[in-house]
Number of protein chains: 2
Amino acid sequence: MSRKASPVRKQSLHALPTEQAQARRFGKARSARSTAILEDYVELIADLIESTGEARATDIARRLGVSHPTAINTIARLKREGLATARPYRGIFLTEKGDVLARRVRARHRLVLEVLLALGVPHEAAEADAEGIEHHVSEATLKAFSEFLRGSRVKKAS
Amino acid sequence: MSRKASPVRKQSLHALPTEQAQARRFGKARSARSTAILEDYVELIADLIESTGEARATDIARRLGVSHPTAINTIARLKREGLATARPYRGIFLTEKGDVLARRVRARHRLVLEVLLALGVPHEAAEADAEGIEHHVSEATLKAFSEFLRGSRVKKAS
DNA sequence: CTTCAATTGTAGCCAAAGCTACATGTTAGT
DNA sequence: ACTAACATGTAGCTTTGGCTACAATTGAAG
Ligand SMILES: [Mn+2]
Ligand SMILES: [Mn+2]
Ligand SMILES: [Mn+2]
Ligand SMILES: [Mn+2]
């Protein structure tokens, strides 16, 4: 490739996409990867507040399985990005923006999990995989997922 | 939470998993994230070699949408991890280990893509989302996916 | 055989995520 | 009121994955 004028151009069964298309796709995956952690944090903070009344930095660290300085660093990033605030020794709080994001992320998480379960993925694998997959699901895919679930719920009820 | 003996422990509709379970899940997602880029590179290198005869660093960079030093850096990591070798001005080559990984990754990529399409996700969204999702799909999920596809192929043939 | 464009490499920067080790602050219980 | 356990914060390090700018090498075409 490159300078060499492509010689025979043997076509394989799975042809490559154009450079531009492929770069666009990889770029989307990269940007999803870079927001994945923020999403996990706001979702977890919302969950903790809802189920225990507060979200403390150490609890967040333990649930994520990271050291507490790591959690504190990331929480600082949340603050910088206007997603959260903190009152020391009193826990972490979501801003309006953070709360909106948390709701979206939570809805997506549940939907992905339900689809995996509906496809017959065993419970624990579904839970674990959903934690990663959720960050890479576009609106279009979300819509397809919820329509698929509507369908399979109808089928189950018959 | 934390020191405070949990008072009423009001149960919500979606109870939290245990700390250990949740930490295990997040840990898996983190480790998948850290290998995602390696996987994309070996897959792309295999694709380029198969369809054009060689995989040059600049072509890889263009297709990924990153600068060429970034690609070269990551290729250095591939070499360090024993996945690839390079002959300057002659392209990148996969080691046996790299080739094994590339095959697995490619199979997974196709399967994820097919499942998304079967669920009714529009083509371009499916292609883009698959690029991210593929790195977070466990063996168990893969198995469920291929069984689901077998089912839907049968249904289509009826 | 020369040249010049393309490829490859190097240097040096940045931010994000992770870590350990240590320091400081709070508060629950006695 | 004290104090010890726990929460929080700080310092300083690493690796990864980005970038730009510049340098060096190669080889295709004239
Ligand atoms: Mn997640
Ligand atoms: Mn989640
Ligand atoms: Mn990918
Ligand atoms: Mn892929």
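Protein chains get the first letters and strands the later ones, always in sequence-line order, with residue 1 at the start of each.
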Participant: Give a yes or no on whether a salt bridge exists between B/K28 and A/D129, defined as a side-chain N under 4.0 angstrom from a carboxylate O.
Facilitator: no
Participant: Rounding to an integer number of Å, can you tell me how far B/E39 CD sits from D/dT16 C1'?
Facilitator: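 B/E39 atom CD is separated from D/dT16 atom C1' by 16 Å.
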Participant: Can you tell me if B/T70 touches the phosphate of D/dG17, counting only side-chain N or O atoms and a distance under 4.0 Å to OP1 or OP2?
Facilitator: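 For D/dG17, OP1/OP2 do not have a side-chain N/O of B/T70 under 4.0 Å.
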Participant: Within this structure, what is the CD1-to-P distance between A/I60 and D/dG9, rounded to whole angstrom?
Facilitator: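 In whole Å, D/dG9 P and A/I60 CD1 are 11 Å from each other.
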Participant: Within this structure, what is the CG-to-P distance between A/D59 and D/dA7, rounded to whole angstrom?
Facilitator: 7 Å
Participant: Using a strict cut-off of less than 4.0 Å between a Lys/Arg side-chain nitrogen and an Asp/Glu carboxylate oxygen, indicate whether A/R25 and B/E131 qualify as a salt bridge.
Facilitator: no
Participant: What is the separation between atom CZ on B/R56 and atom P on C/dA5, rounded to the nearest whole Å?
Facilitator: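 The distance from CZ of B/R56 to P of C/dA5 comes to 18 Å, rounded to the nearest Å.
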Participant: For the side chain to side chain contact (heavy atoms under 4.5 Å, CB included) test, which of B/R108, B/R33, B/H109 pairs with B/H135?
Facilitator: B/R108
Participant: Tell me, please, which residues at least two apart from A/I72 pass side chain to side chain contact (heavy atoms under 4.5 Å, CB included).
Facilitator: A/A57, A/H68
Participant: Taking CD1 from A/I72 and C1' from C/dA23, how many angstroms apart are they, rounded to a whole number?
Facilitator: 13 Å
Participant: Could you check whether A/H68 and the base of D/dT8 form a stacked pair, meaning centres closer than 5.5 Å and planes differing by less than 30°?
Facilitator: yes
Participant: How many angstroms lie between CD1 in B/I92 and CZ in B/R56, if you round to the nearest 0.5 Å?
Facilitator: 9.0 Å
Participant: Taking for each residue the nucleotide of DNA chain C with the nearest heavy atom, is it A/P69 or A/L38 whose nucleotide lies nearer the 5' end?
Facilitator: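 Its nearest nucleotide lies further toward 5', so the answer is A/L38.
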Participant: Is the distance from OP1 or OP2 of D/dC19 to the nearest side-chain N or O of B/S67 less than 4.0 Å?
Facilitator: yes
Participant: For the residue pair A/S34 / A/S31, report whether a side-chain donor-acceptor contact shorter than 3.5 Å exists.
Facilitator: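 No, because no side-chain N or O of A/S31 sits under 3.5 Å from a partner of the opposite role on A/S34.
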Participant: Roughly, in whole Å, what's the span from CG in B/N73 to C1' in C/dG9?
Facilitator: 10 Å
Participant: Which whole-number value in Å describes the distance from A/I37 CD1 to C/dA15 C1'?
Facilitator: 13 Å
Participant: For C/dG18, take OP1 and OP2 only and decide whether either is under 4.0 Å from a side-chain N or O of B/R30.
Facilitator: yes
Participant: Just to be sure I understand the rule, does A/S34 reach a base, reach only the sugar-phosphate, or reach nothing, if contact means heavy atoms closer than 4.0 Å?
Facilitator: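 The residue A/S34 makes sugar-phosphate contact but no base contact.
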Participant: One thing to verify: whether B/D59 and B/R62 come together as a salt bridge, which I'm taking to mean a side-chain N less than 4.0 angstrom from a carboxylate O.
Facilitator: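 Salt bridge between B/R62 and B/D59, a charged N being under 4.0 Å from a carboxylate O: yes.
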Participant: Out of C/dG9, C/dT7, D/dA7, which has the shortest distance to the side chain of B/T58?
Facilitator: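 The answer is C/dT7.
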Participant: Would you mind reading off the distance between A/E54 atom CD and D/dA7 atom C1', rounded to a whole angstrom?
Facilitator: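 Checked: the CD to C1' distance equals 11 Å.
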Participant: C/dA17 phosphate, OP1 or OP2: any side-chain N/O from A/T74 under 4.0 angstrom?
Facilitator: no
Participant: For DNA chain C, what residues of residues 75-90 of chain A have any heavy atom nearer than 4.0 Å?
Facilitator: A/R77, A/R80, A/Y89, A/R90
